[in-house]
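Protein chains get the first letters and strands the later ones, always in sequence-line order, with residue 1 at the start of each.
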Protein chains: 2
Amino acid sequence: MARRNKHSLEEIREMVLDAAETIVINEGYSELTVRKIAMEIGYTVASIYMVFTNMADLAMHIKANTMDELTEQLQQLPRCAPERQIVELARAYLKFAVKNLNRWNMIFVQDTELPEWYRQKINLIFGLLEAQFALLAPGCSTQQSKLAARALWSGVHGICTLSLTDKLDIAGIDEVENTIVLLAENFINGWVSSILSVYQQQ
Amino acid sequence: MARRNKHSLEEIREMVLDAAETIVINEGYSELTVRKIAMEIGYTVASIYMVFTNMADLAMHIKANTMDELTEQLQQLPRCAPERQIVELARAYLKFAVKNLNRWNMIFVQDTELPEWYRQKINLIFGLLEAQFALLAPGCSTQQSKLAARALWSGVHGICTLSLTDKLDIAGIDEVENTIVLLAENFINGWVSSILSVYQQQ
DNA sequence: ACCTGAACACCGTTCAAGT
DNA sequence: ACCTGAACACCGTTCAAGT
């Protein structure tokens, strides 16, 4: 029953990736199995191993797609003053997480060591934040703006994870958004004034 | 080969829990299987289902133990002024996460709906923070201190997760601690001054 | 060369049967 | 009453064999 040349290897790879993404979106990462994918695309389980080395490899590529989409949405945000831009980035992050809950959750399931090309995607997102912090306090060192960006962004992420996995006793998305804005605005205020007070001492 | 009355059901339950915790500590949650536990305690797989309804139930109780230990360590911290106390709580949280990495990571693997008794354990920890925020700005509403506590604590948690799962490009634990302190101190400063400025307006 | 079928070594869970 | 043994319905992964 071997169906020769019906699809190229590249086509099969795309079909596998598409089917897998659909399963994750609709049912969550825990429901993703080789057998489900095979059924969906009309090939046998073994054929999936022709185009991905294993499930971890496939998962990595689904995550990469999600990261790319997220980055794109953050980059498409209208520009404004850094104080507001940072808050808007945080808001957009929450919005993406809510809209793509299952795929977003999957990003943070650690299965293996992160490859370098994936690590770069993470740094790309942090870079967007760092740039804003650099604008916010033009005199500060890159070390300082980098640390501030990582602190706040991780913080925003923490609120998203805990609230979206139902661990904060928070009612609706509006309250989650308020919490994020509260963290962002107060951190920014505190950070800017701490940088300024160092200047004044000099 | 049935070994009657060698252990009471309570004893078996304790043995299962102990063995399971040891496996999680040494190998991580993903390595925890019924068969491994059964092997370890010298009973068959089926006997585990006499004392726990299923693996999710067992996991829930391991998590509960971890939560209790964490709460205890946070409560045992020496008392000091709220600004510092909050930072010390955050530091202690990181310390616990590092020392109990596998068990701590397990807490945030969502398998099922959280039961009410477990939810209360989460709120207990948040309560410690809320109390400090209430002390910090005695005039603020409980709603305000609650929101602030949740914002900052989730933020601290976010830094812990991302750094300990190797997603922040952060070198050592010292830098993680610095990031946490940076978030906490600047958020507290920003928050206190925002509360004060409202008073001045009145 | 492309793809399959069937096996292998695992899972969690259940339950009739043994002592 | 306590516990087992064996089955059931799943996993991911591999590879000799078929076209």
Next item on the list: Take Leu58(B) and Asn54(B), measure what side-chain contact (heavy atoms from CB on, under 4.5 Å) needs, and give me the verdict at the end.
Entry: CA-CA 6 Å; Leu58(B) 170 58; Asn54(B) 52 33; over 6 Å; no

Item checked: Watson-Crick or G-U wobble mate for dC2(D), both contacts under 3.5 Å ->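 For dC2(D), the partner nucleotide comes out as dG18(C), under the 3.5 Å rule.
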
Check: Which base sits across from dT13(D) as a Watson-Crick or G-U pair, both distances under 3.5 Å?
Finding: dA7(C)

Notebook entry, point to check: Looking at DNA chain D, which of residues 23-35 of chain B put a heavy atom within less than 4.0 Å of it?
Noted result: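 By residue number: Arg35(B).
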
Give the rounded distance in Å between these two atoms: [atom1] of [X] and [atom2] of [N].
{"X": "Ile48(B)", "N": "dG5(D)", "atom1": "CD1", "atom2": "P", "answer": "14 Å"}
{"X": "His7(B)", "N": "dC3(D)", "atom1": "NE2", "atom2": "P", "answer": "9 Å"}
{"X": "Arg13(B)", "N": "dC3(D)", "atom1": "CZ", "atom2": "C1'", "answer": "18 Å"}
{"X": "Tyr43(B)", "N": "dT4(D)", "atom1": "OH", "atom2": "P", "answer": "7 Å"}
{"X": "Met39(B)", "N": "dC11(C)", "atom1": "CE", "atom2": "C1'", "answer": "14 Å"}
{"X": "Tyr49(A)", "N": "dA1(C)", "atom1": "OH", "atom2": "P", "answer": "24 Å"}
{"X": "Glu10(A)", "N": "dC2(C)", "atom1": "CD", "atom2": "C1'", "answer": "14 Å"}
{"X": "Leu58(A)", "N": "dG12(D)", "atom1": "CG", "atom2": "C1'", "answer": "12 Å"}

Item checked: Nearest-neighbour nucleotide for the Ala46(B) side chain, dT13(C), dT4(D), dG12(D) considered -> dT4(D)

Check: Counting side-chain heavy atoms from C-beta on, which of dT4(C), dG12(D), dT13(C) comes nearest to Thr44(A)?
Finding: dT4(C)

Would you compute the distance between atom [atom1] of [X] and atom [atom2] of [Y] and round it to the nearest 0.5 angstrom?
{"X": "Ser145(B)", "Y": "Leu135(B)", "atom1": "OG", "atom2": "CG", "value": "9.5 Å"}
{"X": "Gln132(A)", "Y": "Arg79(A)", "atom1": "CD", "atom2": "CZ", "value": "7.5 Å"}
{"X": "Glu88(A)", "Y": "Leu74(A)", "atom1": "CD", "atom2": "CG", "value": "11.5 Å"}

Note to self: Are more than 12 heavy atoms, taken from residues, nucleotides or ligands other than Arg119(A), located less than 6.0 Å from that residue's CZ atom?
What the structure shows: yes

Next item on the list: Report the residue (Val45(A) or Ile12(B)) whose heavy-atom-nearest nucleotide on DNA chain D is the more 5′ of the two.
Entry: Ile12(B)

Margin query: On DNA chain D, does the nearest nucleotide to Met50(B) precede the nearest nucleotide to Thr53(A) from the 5' side, or the other way round? Give the residue.
Written below: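 Taking each residue's closest nucleotide, the earlier one in sequence belongs to Met50(B).
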
Checklist line | Selection residues 171-182 of chain B - residue pairs positive for salt bridge (charged side-chain N to carboxylate O under 4.0 Å, His left out), sequence neighbours left out | finding: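 Those involving residues 171-182 of chain B are Arg91(B)-Glu177(B).
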
Item checked: Identified salt bridge (charged side-chain N to carboxylate O under 4.0 Å, His left out) counterpart of Glu69(B) within the set Lys63(B), Lys99(B), Arg103(B) -> Arg103(B)

